[in-house]
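One structure is given here, and the rest of the page talks about it.
Numbering starts at 1 and runs along the sequence shown.
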Amino acid sequence: MKHLLVMLFMGSLAVGSAPAAGPRVRLIAVQMKADTGSYRNLSTFRKTMDALIGEAAKRKAATCPTLVALPEDTGLGLIFLGQMDTVKGATTIREAGDLLGRKMAAQVMGNVMAHNVSPTRALLLAANDGWLRAAYYDTFSALARKYGVYLAAGSAPLSKPGSADVHNVAILFGPDGEVLNETSKVHLIELEGAAGLDLTPGRIEDLKVAATPFGKVGTAVCWDGFHDDVLDALTHQGAEFIVQPSYNPGPWTKDEEANWGTGLWTRLKTRPGVKAGVNPMMVGGLWDVICEGQSNIVGAAAPPNGYFGRARSAQEPSLVLVDR
């Protein structure tokens with residue numbers, strides 16, 4: 001357990017410069033290393049997230065609010081929370097899902113019949129009703145309150161009780177532990193589509209920003225940060241900070257890095273009303289879904305290279321800290 005916690009945050013700390021007039025907020029992008037061991041049981045998950053956020057909170061600002069942002073799919077492994085013995089021997093996330101689906105056959109088939117959904121969606125609904133939803137909300141609400149930070153708690157495949165929809169949802173908690181905003185990813189990638197997790201896409205008209213003492217905060221979940229319709233919806237509501245929790249399922253090649261440069265990094269150069277975009281990225285992986293990426297904080301007023309701050313590695317955990 002100690003080794004796992006060390007691997008999650010023993011990386012580099014990239015620090016950007018503060019604005020001349022003094023910061024309104026301290027932004028910390030957490031580059032987290034995914035590992036199936038983090039989801040062995042609820043106690044392990046809570047201790048792992050506490051260590052991760054606690055490490056970031058050591059850099060909490062004394063004179064302004066602090067926003068800590070986690071990567072996309074921080075809660076993906078919660079599908080298998082407490083079920084690692086059931087999925088033992090799986091080499092892919094699909095195999096793990098199949099093994100869990102067999103164990104929960106009664107609940108899965110009940111959801112298939114009740115909601116007319118695929119077995120994959122039915123399994124996600126069963127996991128949400130059983131443990132996933134409560135574990136995610138309760139854990140991050142408590143940690144935001146414990147450390148007194150604004151916490152953009154990555155994302156998870158979440159459903160509402162009684163609904164047949166499962167969205168990739170990113171949640172922003174206030175320092176009192178209350179939910180300030182929930183954002184469902186609009187533009188899904190293949191892994192999230194009907195042949196993958198079978199998630200439900202969010203709607204542009206449902207995107208909202210959260211009012212905070214340091215400005216309005218909007219969320220563009222990963223691929224959404226590459227789409228002007230999402231960014232326009234947020235900036236039209238006055239978003240001054242955009243959080244882009246991300247999970248890049250593949251190696252961080254030169255081509256991949258160049259492709260990411262066409263997303264939030266580029267689009268905020270033409271949106272000077274946005275003071276910063278915070279892009280925490282996941283590294284490591286769950287079974288065969290391996291990810292790499294360099295977390296960063298960007299904005300129109302950034303230096304010529306476009307970055308206020310950027311992680312030094314695309315494979316190791318780290319923190320990126322910028323005052324704006």
Does atom [atom1] ([X]) have a neighbourhood of more than 12 heavy atoms from anything else shown, all under 6.0 Å?
{"X": "Arg94", "atom1": "CZ", "result": "no"}
{"X": "Asn116", "atom1": "CG", "result": "no"}
{"X": "Glu205", "atom1": "CD", "result": "yes"}

Does [X] have any side chain to side chain donor-acceptor pair (under 3.5 Å) partners at least two apart in sequence or in another chain, and if so, which?
{"X": "Lys88", "answer": "none"}
{"X": "Asn181", "answer": "none"}
{"X": "Lys160", "answer": "Glu182"}
{"X": "Asp73", "answer": "none"}

Between [atom1] of [X] and [atom2] of [Y], what distance do you get to the nearest 0.5 Å?
{"X": "Leu286", "Y": "Ile79", "atom1": "CG", "atom2": "CD1", "result": "9.0 Å"}
{"X": "Phe80", "Y": "Arg40", "atom1": "CZ", "atom2": "CZ", "result": "13.5 Å"}
{"X": "Asp224", "Y": "His187", "atom1": "CG", "atom2": "NE2", "result": "5.5 Å"}

Could you verify whether a donor N or O on one side chain and an acceptor N or O on the other, from Trp260 and Asn248, lie under 3.5 Å apart?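 Yes, Asn248 and Trp260 have a side-chain donor paired with an acceptor closer than 3.5 Å.
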Using the salt bridge (charged side-chain N to carboxylate O under 4.0 Å, His left out) criterion, which residues pair with Lys275? Sequence neighbours excluded.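 Expected list: Glu240.
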Could you tabulate the donor-acceptor pairs under 3.5 Å formed by side-chain atoms of residues 99-108, not counting sequence neighbours?
residue, atom, partner, partner atom, Å
Lys103, NZ, Gln83, OE1, 2.8
Lys103, NZ, Thr86, OG1, 3.4

For the student: nearest non-hydrogen atoms of Ala276 and Leu268, plus distance: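 In terms of heavy atoms, the two residues are closest at C-CD1, 4.1 Å.
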With a distance cut-off below 6.0 Å to the six-membered ring centre and an angular limit of 45° from the axis, does Arg324 pair with Phe241 as a cation-pi contact?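 Cation-pi check for Arg324 and Phe241: fails.
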